[in-house]
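Since the structure comes first, as structure tokens, the remarks are kept for the end.
Chain identifiers are assigned alphabetically (A, B, ...) following the order of the sequence lines, protein sequences preceding nucleic acid strands; residue numbering begins at 1 within each chain.
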Protein chains: 2
Amino acid sequence: MSSERLIYLPLGGAGEIGMNAYVYGYGKPDNERYILVDLGVTFPDMDSTPGVDLILPDITWLKERAERIEAIFITHAHEDHIGAVAHFYNDLNAPVYARVFTANIASRKMSEHGYPAEAVRTVNAWPEKTKAGPFTVGFLPISHSIPESAGLVIDSPSGRVIHTGDFKLDPTPLVGEAFDPELWAAVSKDGVKALVCDSTNVFAPNPGRSELDVGPAITELVSAAPGMVVATTFASNVARVKTLAEAGQRAGRSIVLLGRAMRRMVEASIETGVLTDFPTVISAEAARDVPRENLMLLVTGSQGERRAASAQLARGKYQGLTMKEGDMFLFSSKTIPGNERGVIRIINAFSEMGVDVVDDSSGLYHVSGHANRPDLERMHEIVKPQMLIPMHGEHRHLREHAKLGDAKGLQSVVVVNGMMMDLSGNAPKVVDYIETGRTYLDGSIKIGALDGVVRDRIRLALNGHVVVTVILDEQDEPLGEPWCEIRGISDTGSSRAPLVEVLEEDLGQFLNRANAKTLKDDGKLEESLRRIARQSAQKEIGKKPEVTVVISRMR
Amino acid sequence: MSSERLIYLPLGGAGEIGMNAYVYGYGKPDNERYILVDLGVTFPDMDSTPGVDLILPDITWLKERAERIEAIFITHAHEDHIGAVAHFYNDLNAPVYARVFTANIASRKMSEHGYPAEAVRTVNAWPEKTKAGPFTVGFLPISHSIPESAGLVIDSPSGRVIHTGDFKLDPTPLVGEAFDPELWAAVSKDGVKALVCDSTNVFAPNPGRSELDVGPAITELVSAAPGMVVATTFASNVARVKTLAEAGQRAGRSIVLLGRAMRRMVEASIETGVLTDFPTVISAEAARDVPRENLMLLVTGSQGERRAASAQLARGKYQGLTMKEGDMFLFSSKTIPGNERGVIRIINAFSEMGVDVVDDSSGLYHVSGHANRPDLERMHEIVKPQMLIPMHGEHRHLREHAKLGDAKGLQSVVVVNGMMMDLSGNAPKVVDYIETGRTYLDGSIKIGALDGVVRDRIRLALNGHVVVTVILDEQDEPLGEPWCEIRGISDTGSSRAPLVEVLEEDLGQFLNRANAKTLKDDGKLEESLRRIARQSAQKEIGKKPEVTVVISRMR
């Protein structure tokens with residue numbers, strides 16, 4: 001009988017940025033008790049996931065073992081760590097543990113889905129610990145771009161694992177706890193088996209800067225602005241929102257929070273005591289009576305999201321407020337790769353209005369929430385783990401992070417989604433490969449990424465759609481002519497005749513020639529009609545559309 | 001009778017980067033004789049133009065005046081300046097003038113479309129001039145990231161206009177002519193009415209660097225690489241291709257050119273004498289027998305294009321060649337905003353193979369082909385125009401460039417696509433707004449951007465498609481049940497029953513209840529069936545699909 005083991009299995013977040021979900025297990029092989037660290041989402045795009053509302057990790061493997069899940073621990077309240085908690089609550093049915101601010105956000109999500117608030121249990125930071133089967137877990141405060149981020153100290157009979165969550169080493173984060181190197185060293189001093197460590201900024205060569213650093217530049221900028229100032233950042237970056245609001249206040253401006261997330265995050269911060277002082281805000285209605293040079297709007301939509309406040313202002317107005325020549329729009333944020341087009345669209349729209357747009361190209365108005373390369377090295381040195389497991393990164397980040405560890409003599413291993421690692425021994429060992437992937441929330445339904453539904457939509461978008469309808473009588477003879485409808489295809493092709501007429505002509509000729517055997521056989525008939533419709537379109541418009549054939553028989 | 005005037009009218013490229021097409025006219029109002037400067041394309045994306053093959057400017061206005069077009073002048077052979085020449089050759093039927101390298105590329109395009117090579121006329125650089133109606137046009141050499149770029153000196157009875165084309169101020173461009181400030185000053189010294197000037201890099205604060213600067217760093221990198229080296233850049237950046245090849249040669253590596261554009265550009269450069277010495281290249285077949293540490297591949301696909309050599313290598317192999325652990329892939333290029341996802345996909349695929357990817361984040365392995373902010377100021381100072389008209393840029397670039405001119409006391413004006421400017425007087429004056437836009441090449445057909453075809457495809461991609469078929473007998477009574485087919489939609493919804501069955505049930509119930517008036521009226525019936533299908537789907541899967549209704553009547 002084999003002995004007990006400590007396993008690590010990422011189901012999301014290892015090989016991608018976003019959709020974090022990390023399983024730890026302890027026990028006899030295939031009979032471990034599990035905890036899950038984070039349960040996040042990632043966001044769809046038109047390229048690969050048109051029409052999808054949200055992307056969740058595929059947790060099939062975990063669902064099949066739901067009775068062995070002891071608890072879910074959430075490191076912080078960013079969507080890519082917390083966003084799927086309510087979507088999978090019914091499937092996993094495990095208690096969710098988080099610190100007060102994170103728990104507040106999680107509870108809001110639970111209630112939106114009709115689950116009881118008690119589903120989420122609020123815990124205090126280290127040295128408080130939570131027992132979860134064979135594990136004992138403590139929340140070790142660390143700085144990030146959201147209040148109350150925590151690394152997890154995960155103790156098991158095989159030793160201590162430190163799972164950093166997302167982090168930076170900020171001595172002055174303004175909101176939430178500063179990074180406390182002594183505390184992290186103390187927790188690590190008796191030996192850490194594995195450091196499972198954020199990799200996002202491994203390619204950033206210089207030490208990270210503090211949240212404190214952006215205040216003076218923002219204050220100067222806002223004070224010098226002649227018109228209305230509108231600033232955007234991630235709403236969850238409460239420290240930044242505060243810095244922006246205070247800069248406005250100092251410049252004698254009334255502050256308006258626009259966008260649901262912006263108001264909700266400030267609200268949650270005040271409710272939970274994370275934010276003790278915040279400038280008075282006025283409503284959008286009240287703002288309409290304030291001279292624009294005395295206004296500062298803090299808005300959602302730093303990534304150019306089409307429905308957010310910033311994009312709506314760029315298209316015209318939001319809650320009765322509009323931008324004008326001489327106003328300023330500040331991106332106190334970085335554009336996440338892939339979101340450039342949306343952001344640039346907004347900037348150009350503002351440019352057309354005569355609004356001056358300030359972004360972070362100067363490096364003055366934004367700092368990252370993730371540890372840069374030298375900060376990662378510092379973390380490695382503080383924790384001195386037996387093994388380093390890079391997480392939260394695309395493959396290139398994980399690989400680079402492992403190389404960084406290797407270079408300093410740390411035993412480092414690239415582990416991607418689905419690789420089950422046994423951490424019990426002196427060296428990490430792959431013990432299984434689990435099928436992982438993505439689940440799409442599509443309207444109100446969850447569909448698998450490989451179900452083919454989204455692939456079909458992409459094909460429709462690339463090729464357009466022809467619907468061919470044929471009716472056959474009781475003798476399997478065509479009744480009338482075939483009928484075509486087109487969607488997303490040019491009405492006319494090279495012959496200048498309506499495309500549907502060309503298609504119907506070619507399909508009709510085929511039906512006239514077709515023998516009884518073909519006409520009797522739905523499969524054969526459909527196949528032939530599809531082929532002819534595609535060939536006919538290719539000749540006429542130079543591309544082959546998707547074709548749906550509907551055969552109706554009168555028998 | 002009003003007097004003659006000089007007009008400037010961008011049909012593309014002013015308010016966007018790409019798809020350049022600038023009209024100059026001289027004559028009585030609405031009776032001017034025209035020349036067209038550049039006729040380029042831009043590239044589709046999944047977000048806004050799924051399935052489209054190429055985006056061309058909408059030249060309807062110009063086509064309607066085709067008999068008054070004297071000539072088309074192409075500044076250089078980048079696709080966004082030359083790409084639409086053959087597509088519109090039949091519509092405009094005007095001679096195309098270009099310098100030898102550009103003309104070579106244009107002729108290839110003409111022959112691909114079955115037009116005679118004589119459609120393109122090769123001219124020499126300044127001081128040679130071409131007469132075109134009221135205009136005399138000379139090609140003034142200037143450095144850029146392709147051989148033989150030229151600014152145009154456009155003389156009209158209203159004075160001289162200098163149209164820069166794309167440019168940088170490179171004293172050592174390696175291939176093609178260096179920027180010659182004395183020549184530009186000499187051409188400008190008798191007074192320039194308008195400088196129509198590239199705006200691409202107006203936000204880049206530091207002076208541009210020379211093509212010469214990247215050579216040593218690339219050579220060092222390639223020499224130190226232990227395995228095979230694969231490098232990508234724009235194929236048209238012949239100087240860079242040469243630098244890369246020479247770096248490989250110095251490191252004792254055999255050079256292989258992969259990708260059609262890469263081979264074609266080097267071929268055209270040698271044919272036209274632009275490139276006099278280039279390292280010997282070997283074929284992909286021959287390369288298979290060379291040890292990988294002695295190989296350097298120069299490949300297409302610096303922007304992550306799915307079908308290019310780089311993406312194919314990332315997916316597995318290209319012409320029998322594969323990448324392996326220990327090889328290096330160099331992006332000697334910048335990622336154009338919007339292409340990040342494709343590029344990152346490739347980088348991660350290489351990371352999984354153990355290939356080391358080097359990009360330009362260090363600034364060592366790439367220099368831009370466009371004039372930075374201080375270079376633009378220098379150009380303004382050399383030409384000292386009466387007015388500055390920024391071109392080739394999104395609105396934000398044009399506006400910033402105009403502000404830059406204004407700040408130095410230059411009369412500057414933002415002119416976007418469709419604004420017809422009269423440049424005859426002392427100040428530029430808007431005299432008309434012309435409808436402009438985009439034409440999509442879709443398969444073999446040109447469709448208008450506002451035709452709705454692509455909009456329909458986007459809707460299909462976002463919402464999926466339901467096809468409803470109903471047959472009515474001679475008495476307008478339903479014959480059998482309604483029939484549904486779905487594409488790009490989940491098979492089952494919240495009730496767990498097949499979605500088509502739920503839809504058919506709801507539609508059938510409606511038909512049973514429907515009165516004779518509705519059943520007789522195709523429009524009404526279709527509208528009702530669509531509404532019910534959408535409601536039914538909304539209830540079942542939480543989204544409303546696109547619906548096509550096919551009604552067949554037996555009468």
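- Distance check: B:Arg341 CZ to A:Met46 CE gives 11.5 Å after rounding to the nearest 0.5 Å.
- The line from CD of A:Gln538 to OG of B:Ser444 is 7.5 Å long, rounded to the nearest 0.5 Å.
- Both the backbone and the side chain of A:Leu460 come within contact range of chain B, judged by heavy atoms closer than 4.5 Å.
- How far CD1 of A:Ile344 is from CD1 of B:Ile17: 8.5 Å, rounded to the nearest 0.5 Å.
- Once rounded to the nearest 0.5 Å, the distance linking CZ of A:Arg553 with CD1 of B:Ile471 reads 11.5 Å.
- No part of B:Lys446 comes within reach of chain A, as not one of its non-hydrogen atoms sits under 4.5 angstrom from that chain.
- Contacts between A:Ser490 and chain B at a heavy-atom distance below 4.5 Å involve backbone atoms as well as side-chain atoms.
- Rounding to the nearest 0.5 angstrom, the gap separating the CZ atom in B:Arg487 from the OG1 atom in A:Thr548 is 4.0 Å.
- When every heavy atom of A:Thr469 is checked against every heavy atom of B:Ser552, the shortest pair comes out as CG2-OG, 4.4 Å.
- Within the 4.5 angstrom heavy-atom criterion, only side-chain atoms of A:Glu485, from C-beta onward, approach chain B.
- Heavy atoms of A:Glu540 lying under 4.5 Å from chain B belong exclusively to its backbone.
- Remark: A:Thr42 engages A:Met19, A:Ile55, A:Arg438 in a side chain to side chain contact (heavy atoms under 4.5 Å, CB included) (not counting sequence neighbours).
- The one candidate from B:Glu16, B:Glu394, B:His395 that meets the side-chain hydrogen bond (donor to acceptor under 3.5 Å, both in side chains) condition with A:Asn348 is B:Glu394.
- Heavy-atom pairs under 4.5 Å with chain B peak, among A:Val550, A:Val454, A:Ile447, at A:Val550.
- Proximity to chain A is limited to the backbone of B:Ile489, based on heavy atoms less than 4.5 angstrom apart.
- The number of heavy atoms from other shown groups lying within 6.0 Å of CD (B:Glu352) is above 12.
- A salt bridge is absent between B:Asp356 and A:Arg396: the closest approach of a Lys/Arg side-chain nitrogen to an acidic carboxylate oxygen does not fall below 4.0 angstrom.
- Between the side chain of B:Lys543 and the backbone N or O of A:Val52, no donor-acceptor pair lies under 3.5 Å.
- Only the backbone of B:Thr492 comes within less than 4.5 Å of a heavy atom in chain A; its side chain stays farther off.
- Ranked by heavy-atom pairs shorter than 4.5 Å toward chain A, the options B:Gly51, B:Ser362, B:Ala461 are led by B:Ala461.
- Highest contact tally toward chain B, considering only A:Ser351, A:Ser48, A:Gly542, A:Gly443, is held by A:Ser351 [criterion: heavy-atom pairs under 4.5 Å].
- With hydrogens and angles ignored, the 3.5 Å screen pairs a side-chain donor or acceptor of A:Arg399 with a backbone N or O of B:Gly354.
- For CZ of B:Arg315, the number of neighbouring non-hydrogen atoms (other residues, nucleotides, ligands) closer than 6.0 Å is greater than 12.
- A:Phe203 contributes atom CZ, which lies 8.0 Å from atom CD1 of B:Ile347 (distance to the nearest 0.5 angstrom).
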Applying side-chain contact (heavy atoms from CB on, under 4.5 Å), run through B:Asp473 and A:Met554 and close with a yes or a no.
-> CA-CA 11 Å; B:Asp473 64 16; A:Met554 293 291 103; over 6 Å; no
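- Heavy atoms closer than 4.5 Å to chain B are found nowhere in A:Ile486, neither backbone nor side chain.
- Within the 4.5 angstrom heavy-atom criterion, only side-chain atoms of A:Val467, from C-beta onward, approach chain B.
- Within the structure, salt bridge (charged side-chain N to carboxylate O under 4.0 Å, His left out) contacts touching residues 448-469 of chain B (residues at least two apart or in different chains) are B:Asp442-B:Arg457.
- The parts of A:Ile458 that come within reach of chain B are both its backbone and its side chain, each placing non-hydrogen atoms under 4.5 angstrom from that chain.
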